[in-house]
Amino acid sequence: MKKISVFLFIISVMVCAGCGSDGRQSPLETPAPTCVETPTVQPAPVESPLGTSPTETPGTAPAQRASRIEPFQTICQYPELPTGCEMTSLTMVLNYNGIPADKCDIADNYLDKGEVGTVDFRVAFEGNPRDENSYGCYSPVVVDTANKYLQAVQSDMRAVDLSGTEFEELFSYIDAGVPVIVWGTLDCAEGHYSVTWTVNGTDLTWYTPEHCMVLVGYEDKMVWVADPVYGDVRSYDREIFKSRYEVLYRQAVVIE
């Protein structure tokens, strides 16, 4: 009986152990399906680096009923793009709209990028999505990358930057069957400002663990996102997810 008790204790410790990495992306591990921490809303800095303000979205008021886009084909960013959540999210949305796309082709041939610390992540990818020590990019870069690809494949669709939009106002897009690329944090974790670079005379501070996903559903207390780290659709606590969206400057992109 003592051996069995010890065995059960070891198993319980293994199950309860969380991700303690401070990095932007984590290796594939089995996560809890929802955020279970106590909501802690972190206000975004007063001045957004994107220079955005809340925008108008379809509909007259945020919908209160549940809505979910199904089916939605997911893609995992691993192993090719360990820091490529933005490009993988974009690829998922392109494919959903009937536009064949490959995450590696998008990252290699359409994404503007530069050496870490030498570029503005609002203008180009900080590093390379194929490099696990790289960082990422913000919504203007995803919009630019998407539109270059859409023009190259002669599509009439275009990417639109919705950054600054209130979180609940994004739900009208879900109601209309339009998935929304959003920024938050990896595993919905509480983040912090980390490394600062000076680029063209401007100090740029990275928020970690920044993460990009695709919002595909919502209900009263939960949201569903296609998460490129895990390659599946998973649920998160709605209020916690909203707080992570807000601290990442309310960044959102759709393809219309």
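Just so you know, these numbers come straight off a predicted model, no measurement behind them.
With hydrogens and angles ignored, the 3.5 Å screen pairs no side-chain donor or acceptor of Lys113 with any backbone N or O of Pro129. Remark: side-chain polar atoms of Ser89 are paired, donor with acceptor, to backbone N or O of Cys85 under 3.5 angstrom. Not one N or O on the side chain of Lys103 forms a donor-acceptor pair closer than 3.5 Å with the backbone of Thr91. In this structure, Ser139 contributes its side chain and Ala252 its backbone to no donor-acceptor pair below 3.5 Å. Remark: side-chain polar atoms of Arg244 are paired, donor with acceptor, to backbone N or O of Cys188 under 3.5 angstrom. The backbone N or O of Arg122 sits less than 3.5 Å from a side-chain atom of Asp120, completing a donor-acceptor pair.
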>> Working note: Glu126 + Val119, criterion side chain to side chain contact (heavy atoms under 4.5 Å, CB included); need CA distance, chi angles, decisive distance, verdict.
In response: CA-CA 6 Å; Glu126 202 77 40; Val119 295; 3.8 Å; yes
>> Apply side-chain hydrogen bond (donor to acceptor under 3.5 Å, both in side chains) to residues Asp232 and Thr74 and explain how you reach the verdict.
In response: CA-CA 6 Å; Asp232 62 15; Thr74 59; over 6 Å; no
> Is there a side chain to side chain contact (heavy atoms under 4.5 Å, CB included) between Val182 and Val214 once you walk through the steps?
Replying inline: CA-CA 6 Å; Val182 293; Val214 183; over 6 Å; no
>> For Ser194 and Thr208: C-alpha separation, side-chain torsions, deciding distance, then whether side-chain hydrogen bond (donor to acceptor under 3.5 Å, both in side chains) applies.
In response: CA-CA 6 Å; Ser194 55; Thr208 193; 4.9 Å; no
> Between Lys242 and Glu168, is a salt bridge (charged side-chain N to carboxylate O under 4.0 Å, His left out) present by the stated rule, with each step listed?
Replying inline: CA-CA 9 Å; Lys242 175 182 176 180; Glu168 288 80 5; 3.0 Å; yes
>> Assess the residue pair Arg130 and Glu80 against the criterion (salt bridge (charged side-chain N to carboxylate O under 4.0 Å, His left out)); give the C-alpha distance rounded to whole Å, side-chain angles, the decisive distance to 0.1 Å, and a yes or no.
In response: CA-CA 6 Å; Arg130 289 185 178 274; Glu80 299 89 353; over 6 Å; no
> Are Ile240 and Glu190 close enough, and set up right, to give a side chain to side chain contact (heavy atoms under 4.5 Å, CB included), and what steps lead you there?
Replying inline: CA-CA 9 Å; Ile240 297 176; Glu190 186 172 355; over 6 Å; no
>> Walk me through whether Tyr218 and Asp175 qualify under side-chain hydrogen bond (donor to acceptor under 3.5 Å, both in side chains).
In response: CA-CA 9 Å; Tyr218 69 92; Asp175 294 340; 2.7 Å; yes
> Can you check side-chain hydrogen bond (donor to acceptor under 3.5 Å, both in side chains) on His211 and Asp187, steps first, answer last?
Replying inline: CA-CA 9 Å; His211 190 40; Asp187 292 334; over 6 Å; no
>> side chain to side chain contact (heavy atoms under 4.5 Å, CB included), that's the test. Do Tyr173 and Leu162 meet it? Break it down for me.
In response: CA-CA 11 Å; Tyr173 285 92; Leu162 301 178; 3.5 Å; yes
>> Quick one, Arg65 with Asp220, criterion salt bridge (charged side-chain N to carboxylate O under 4.0 Å, His left out). Give me CA distance, side-chain angles, the key distance, then yes/no.
In response: CA-CA 7 Å; Arg65 66 184 185 282; Asp220 182 46; over 6 Å; no
>> ring-ring contact (aromatic ring centres under 6.0 Å, His included), that's the test. Do Tyr249 and Tyr245 meet it? Break it down for me.
In response: CA-CA 7 Å; Tyr249 311 107; Tyr245 168 77; over 10 Å; no
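Inter-residue side-chain proximity for Val223 and Phe167 is flagged as met; some heavy-atom pair is nearer than 4.5 Å.
To the nearest 0.5 Å, the span separating CD1 on Ile174 from CG on Leu215 amounts to 4.0 Å. Summarising the geometry, atom CG belonging to Asp227 is positioned 8.0 Å from atom CD belonging to Gln77; distances are rounded to the nearest 0.5 Å. The CG atom of Asp203 sits 4.0 Å away from atom OG1 of Thr198, with the distance rounded to the nearest 0.5 Å. Cys137 SG to Leu111 CG: the interatomic distance, rounded to the nearest 0.5 Å, is 6.0 Å. The structure places OG1 of Thr83 at 9.5 Å from CD of Glu210, a figure rounded to the nearest 0.5 Å. Put simply, OG on Ser134 and CG on Leu81 are 11.0 Å apart, with the number rounded to the nearest 0.5 Å.
Between Phe121 and Trp206, the ring planes are perpendicular. Angles over 60° get that label, and only those under 30° would be called parallel. Using cut-offs of 30° and 60° on the angle between ring planes, the pair Trp197 and Tyr135 is perpendicular.
Counting only N and O atoms by type, the side chains of Asp161 and Tyr138 include no donor and acceptor under 3.5 Å apart.
With Val253 as reference, Val143 is the one residue of Val160, Val143, Val93, Val141 to meet the side-chain contact (heavy atoms from CB on, under 4.5 Å) rule.
For the pair Arg250 and Glu166, the salt-bridge criterion is met [side-chain N within less than 4.0 Å of a carboxylate O].
Taking the ring centre of Tyr230 as origin, the terminal cationic atom of Arg234 falls inside the region bounded by 6.0 Å and 45° from the ring axis.
Residues Val233 and Arg68 come closest through the heavy atom pair CG1-NH2, 3.5 Å. Taking every heavy atom of both residues into account, Leu248 and Gln251 meet most closely at O-NE2, 2.9 Å.
Within 6.0 Å of the CD atom in Gln73, the count of heavy atoms belonging to other residues, nucleotides or ligands does not exceed 12.
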